[in-house]
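Lettering follows sequence order; numbering is per chain, from 1.
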Amino acid sequence: MRRRDLVARVGLYVVLGAGLLVVVGPFLWAVLSSVKPEAEIRRIPATWWPEVFTLDNYRELLSRLDFPQAFANSAIVAVLTTLGNLAFCSLLGYALAKLRFPGKRALFLVVLGTLMVPSMVTFVPQFVMVSNLGLVNSYGGLILPFLATPFGVFLMRQYLLSVPDELIEAARVDGAGELRIFARVVLPLCGPALATLTILTFLASWNNFLWPLVVATTEDRYTLPVALALYSVGQNRIDYGLVLAGAVAVLLPVVIVFVLLQRHFLRGIATTGLK
Amino acid sequence: MAATTATAPAKATSGTAGPRRPYRIRQRLAGWLFATPFTLLFLLFMAVPVVASLVMSVTDLRSTDLRTPFAVEFVGVDNYTRLLDDAQFRRAALNTAIFVVVGVPLTMAVGLAAASALNSALVRFRTLFRVGFYLPVVTSIVALAVVWRFLLDPEAGLVNNALRLVGVDGPNWLGDADLALPSIIVMAVWRNFGFLMVIFLAGLQAIPADLYESSTLDGAGRWAQFRHITVPLLRPTLLFGGVVTSIGYLQLFEEPLVMTRGGPLDSTLSVSYHIYNQFGFGNYGYAAAVSYVLFAVIVGLSILQFRLLGSRD
């Protein structure tokens, strides 16, 4: 029996280890290739470890393309989107979980009904609206449609349902106003949910592609994925060193944050069943 | 909504009827106030545009008409019938169907295998594997598509370099009309199985261990246990994972855009890519019509899921 377990264990580790290599390998290879000169990247047979280590690709990324601007745009859009969601989703999430007011059921149904509506279905009408508002190629156009997402509202409501009513009732009996109760009693209890919401919203914004692709029409408004995609699509003989450096610049911050905070990510999926 | 006032004072039996009333009014005002930002943004960027676009999909609205929206012609269901005559749309629909029908079961199989392996009592370092397998899920699809384009490059790519080591001359994966879509399917499995692994792992851990113990006593082997205990009990989770993945795969877009630009010969053109192209050509009414067809398929899938789940539980 024990011997069979040992064989099974070794087998499992071999399969899982091979899987890990296949999944993580491309990331490592992208990083390693991004610090090789273009000639070495294209050499046959390929080198695994760089023979010549160079940061030229990154230097070029900073100078020739509008990547610093794209990086800044991505950061601005992601930070403002996240702040908006933290504020507005927790407000409505609290109202839906703990307050009684006419229209509450209808609002919750709206949130549930739009939770899964993909942006591919709505981007054309949304673009027409943003265009009529004169927000094409502006930060407002990039940010406003994502400032309060149904997903965030749902996440906050589900979390707040578990907060005991007694705490809120006690504050009410003490004569605190609803805004004050929200700010002083409710929000401090929401730490874990707000952390999850921050991570997931920031990430979704950072990786978002279709909407900025449509709304940003000049290079000074491109976000990182848009700049990267349009640059690599626009070339027939692709400059791999440069686009790989760009890809690493998009991937690496996320990979680091994910590895550090993986508990929050995986909890977010477990509680909502959504990405 | 009238019910809310009737059910409200359930806890108000302690004789504090006096201060209750202002509470209720204040709660109502607070509720509305707290709902205002979301509601305004929702109306402006979701409800109004979507309703308008339903109208748009039965007109011949083009990008040049945006400033004079009332000058557009009512064209009825022309945009929808035009779909059927559009050979590119039919090709895109076929490609997307193949991508979903082949890609979803593959992704589920790999996800379930990974979850089962990680659920085994024999495996340690679970976090390492979970984080590793989940890594592609959280990272930018555009950046990954760039990396995979490099990976599949006929000369410099990792895949063909590996094949060369064993003496095989690898094909031009993304440049061959027969291989481009299968390559993109493999990439999608690689990227998405980690998500299903996490979902399935949660489902597996909810299965009571004594079911396995008692069946072992009855002489059931591992495979019999998997077929007769794991799969039936995991059915709702599998169904959920399958539907969520299908909905995601139906929107295939970034990979062909970055890796193949829909080619060669439209072999990787997807419905979403077609919507984007039509939008790019300025055919807003037509693009909206195609996106509603896509949406109808997605809603149909979701309803099917609820039906299937509801009938068993």
[X] portion near chain A, given a 4.5 angstrom heavy-atom threshold:
X       : result
L41(B)  : side chain
L44(B)  : both
T139(B) : both
L29(B)  : neither
Y276(B) : both
T39(B)  : side chain
S302(B) : neither

Worksheet entry | Those residues that, when tested against N85(A), pass side-chain hydrogen bond (donor to acceptor under 3.5 Å, both in side chains) (two or more places apart) |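 side-chain hydrogen bond (donor to acceptor under 3.5 Å, both in side chains) list for N85(A), sorted by chain: T149(A).
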What residue in [options] has the most heavy-atom pairs under 4.5 Å with chain B?
options                           : result
V124(A), L147(A), L92(A), V121(A) : V121(A)
L213(A), N208(A), T114(A)         : L213(A)
V24(A), V117(A), V153(A)          : V117(A)
S90(A), G152(A), A247(A), P253(A) : A247(A)
V130(A), V111(A), V110(A)         : V110(A)

Winner by heavy-atom pair count (cut-off under 4.5 Å) against chain A, out of [options]:
options                   : value
F42(B), Y292(B), F193(B)  : F42(B)
G280(B), S272(B), G132(B) : S272(B)
P136(B), A35(B), A47(B)   : P136(B)

Worksheet entry | Heavy atoms of other groups near R126(B) CZ, more than 12 under 6.0 Å |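 Counting neighbours around CZ of R126(B), more than 12 heavy atoms of other residues, nucleotides or ligands fall under 6.0 Å, so yes.
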Name the region of [X], side chain, backbone, both or neither, that has any atom closer than 4.5 Å to a heavy atom of chain B.
X       : result
F146(A) : neither
V250(A) : side chain
M129(A) : side chain
L133(A) : side chain
L144(A) : both

Which atom pairs, donor and acceptor, lie under 3.5 Å between side-chain atoms of residues 6-16 of chain A and protein residues at least two apart or in another chain?
unit_1, atom_1, unit_2, atom_2, d
R9(A), NE, L122(B), O, 3.0
Y13(A), OH, R124(B), N, 2.8

Worksheet entry | R172(A) bridged to E178(A) by N-O distance under 4.0 Å | yes
Item to complete: With R42(A) as the cation and Y240(A) as the aromatic partner, state whether NZ or CZ is under 6.0 Å from the six-membered ring centre and within 45° of the axis.
Response: no
Worksheet, complete the sentence: Test ring-ring contact (aromatic ring centres under 6.0 Å, His included), reference F123(A), set F45(B), F279(B), F253(B), output is F279(B)
Discussion item. Could you check whether any side-chain N or O of E38(A) sits under 3.5 Å from a backbone N or O of G241(A), counting only pairs where one atom can act as donor and the other as acceptor?
Written reply: yes
